[in-house]
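To start, the structure itself, in structure tokens.
Atoms within a ligand are numbered from 1 in the order they appear, just like the ligands themselves. The figures here come from the full heavy-atom set of this structure, side chains too, leaving out hydrogens, waters and symmetry mates.
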Amino acid sequence: MNLPLIPAPATTATADETFVVGGTVGVVVQSPELAGPAARFIEDVRLDSDVVLSREATGITVLIDSTGLDEVAPAAGLRADNANADERYRLEITGEGVRVWGPTAEAVHRGLTSLRQLIAAHAQDGLAALPTARVVDGPRFAWRGLSMDVVRTFHAPDVVRRVIDMLSLYKLNVLHLHLTDDQGWRVEVPSRPMLTDVGAKGAIGDRPGGYYTQDELAELVAYAAERFVTVVPEIDMPGHTTAVFSAYPELAPAELRSVDLGNGTSIPLNTLDPERPEIWSFVEDVLDGVIPQFPQSAYVHIGGDEAWGMADEAHAAFVERTAALVRARGKRVVGWQEIARASISSDDVVQYWLEPRQLDSMDDDAVSSTLPPDLLPVLVEHMKKAEQDVPRALAHGSRLLLSPVSRLYFDSPHAAESSDPAQEELRKRVGLPFYTPISVRDGIDWNPTGITPGVDSDAQIVGVEAAIWCETITTPEELEFMLLPRLPGASEKGWSRTPTDWPDYASRLAPHSTTWRHRDWTWFQSSEIDWA
Ligand code: ACM
């Protein structure tokens with residue numbers, strides 16, 4: 001029998017007995033550092049299902065212990081917090097009770113997350129009859145995340161907390177916040193108050209702006225840490241900086257340029273100029289203001305993408321100096337794949353997103369005719385350079401964080417119809433029309449090794465990160481509609497070592513909708529799945 005777990009565990013064995021959870025069953029904490037994870041588990045089970053675990057009773061035992069884990073290899077890749085945290089765990093359900101253990105509190109949290117999913121899948125009338133089973137499990141990659149655009153639409157802290165809850169349910173351990181872009185600046189820099197006083201005002205169109213205060217970010221970072229999620233900040237430079245120029249016009253180029261998209265909007269071609277000393281005092285101020293707000297993160301994401309209108313030499317000089325400033329502050333560098341065009345170090349992480357196949361699609365008349373004439377040459381030039389980014393990154397000895405657009409850009413339209421006709425209007429409206437629609441199956445029908453030429457070993461990969469950009473996403477409901485049911489698929493690609501079999505995955509995914517309903521999460525009811 002296949003347990004309805006996502007991501008699929010490394011090894012499972014099941015037997016015919018059951019152990020009933022709920023009613024008088026409780027959690028026994030044998031190691032003091034597990035008090036927090038155990039309390040979180042009891043609360044999460046209540047929110048996922050109608051099963052209530054009593055605090056004082058016995059039945060589920062949790063402990064720190066590293067025995068019996070050797071059949072699962074340690075994770076490949078790098079952790080965003082650079083901690084030496086082994087996430088491997090063991091979960092045993094017998095007729096007498098449940099035991100969950102691992103070498104770290106994080107490992108036990110991952111094991112309790114599997115137990116959460118089993119309880120929710122079997123919950124009925126406040127009880128869950130769990131099949132007896134043994135799960136020995138651990139992740140394939142150490143970095144499993146979601147990159148979230150909070151600029152094009154500003155998402156309030158409570159919306160971000162709901163996303164962190166989703167990450168935790170699927171054993172994802174990184175929330176990468178895209179905090180700055182052309183339309184807004186969302187993080188306080190005490191020495192540069194105009195960034196938030198002025199730069200945070202807008203979003204796309206007439207959507208409200210906003211930013212996270214230092215207190216709000218501290219709460220978000222702590223909320224994530226309690227769920228073993230590291231929040232990684234992205235400050236996008238040297239392109240995507242229109243909000244910087246609105247806050248500090250003296251940092252803008254003398255002559256502002258843009259490509260007219262013909263629909264009342266335009267793409268700016270203005271970037272931070274590495275030749276100007278005042279740009280570097282700005283960058284240093286930003287790093288000094290932002291880094292302390294993300295104490296768990298060993299990394300700063302420096303953006304680096306789509307610095308349109310900038311000479312290659314200037315882009316490389318900008319990336320190299322920014323990376324040096326990040327390293328000088330004791331942090332590591334992650335950036336979009338364009339940073340591989342600079343002379344980066346083997347410790348820097350390169351986030352792969354632009355796939356060679358997108359260049360092919362631009363040669364396609366049907367696609368190119370949808371693009372404004374002035375934009376096509378800019379994109380074609382960008383894509384031609386992008387073909388060399390992965391070979392360059394690997395030549396630098398850098399490792400890749402995989403975010404291929406065709407699989408993991410969650411702002412791509414949903415490909416399949418909804419089984420709820422009432423969702424069809426939303427499905428047709430939300431998602432960037434420029435991207436090829438993605439089905440739930442597309443989301444799992446690929447392997448991190450083999451997604452792009454030259455990447456054939458886990459040793460070249462840091463991990464997997466989905467991305468959600470919010471040009472077409474204006475509300476929390478639309479955000480959740482694009483995250484679910486895709487997020488579990490991304491988690492399976494980052495965690496599970498065996499190839500995902502579609503019918504098996506579809507049957508494991510179906511019962512998860514009961515949890516989403518209990519949690520009041522909006523989700524896309526893809527007709528590909530026979531939902532519970
Ligand atoms: C990106 O999608 N501009 C990284």
Side-chain angles (χ1 to χ4, degrees), residues 143 145-153 174-184 186 204 232-243 259 261 265-272 299-310 315 318-319 322 333-342 344 348-359 361-362 371 375 378-387 389-390 393 398 400-413 431-436 438 451-452 462-473 482 486 490:
W143 186 315
L146 173 71
S147 165
M148 179 174 171
D149 169 14
V150 294
V151 173
R152 277 54 173 269
T153 292
V174 177
L175 175 64
H176 156 184
L177 285 181
H178 181 78
L179 289 164
T180 73
D181 211 303
D182 291 313
Q183 298 84 358
R186 310 280 180 230
I204 281 199
V232 175
E234 179 185 349
I235 305 299
D236 200 355
M237 303 175 284
H240 291 281
T241 44
T242 304
V259 176
L261 296 186
T265 65
S266 59
I267 291 189
L269 300 178
N270 311 304
T271 54
L272 297 171
Y299 286 82
V300 176
H301 199 302
I302 62 170
D305 61 317
E306 300 176 324
W308 289 328
M310 193 174 199
H315 175 262
F318 187 93
V319 168
T322 304
V333 173
V334 52
W336 297 108
Q337 69 181 66
E338 290 95 321
I339 69 164
R341 301 171 201 175
I344 55 172
D348 302 340
V349 170
V350 173
Q351 188 162 12
Y352 170 69
W353 64 286
L354 285 161
E355 297 173 274
R357 65 153 91 175
Q358 289 167 290
L359 183 60
S361 78
M362 270 179 227
L371 294 169
L375 185 58
V378 176
L379 290 182
V380 167
E381 191 200 346
H382 192 67
M383 291 305 306
K384 286 225 154 70
K385 285 181 197 159
E387 288 196 316
D389 291 339
V390 166
S398 305
L400 303 172
L401 178 58
L402 300 179
S403 305
V405 171
S406 67
R407 309 291 174 164
L408 290 181
Y409 265 39
F410 287 177
D411 51 323
S412 307
L432 270 180
F434 180 70
Y435 292 140
T436 308
I438 302 178
I451 189 70
T452 192
V462 165
V464 168
E465 211 176 83
I468 187 145
W469 304 94
C470 293
E471 286 92 339
T472 66
I473 294 169
M482 300 312 268
R486 287 173 163 166

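Remark: the S403 side chain and the Y409 side chain contain no N/O donor-acceptor pair separated by less than 3.5 Å. There is no side-chain donor-acceptor pair under 3.5 Å between E306 and W336. When only modelled atom types and interatomic distance are considered, W353 and E338 share a side-chain donor-acceptor pair under 3.5 Å. With no hydrogens or angles considered, a side-chain donor-acceptor pair links E465 and Q351 at under 3.5 Å.
Using a 4.0 Å cut-off to heavy atoms of E306, the atoms of ligand 1 that qualify are 3 (N). Less than 4.0 angstrom separates some heavy atom of W469 from each of these atoms of ligand 1: 1 (C), 2 (O), 4 (C). Every atom of ligand 1 with a heavy atom of Y409 under 4.0 Å away is listed here by number and element: 1 (C), 2 (O), 4 (C). Ligand-side atoms of ligand 1 in range of D305: 1 (C), 3 (N), 4 (C), range being under 4.0 angstrom from any heavy atom.
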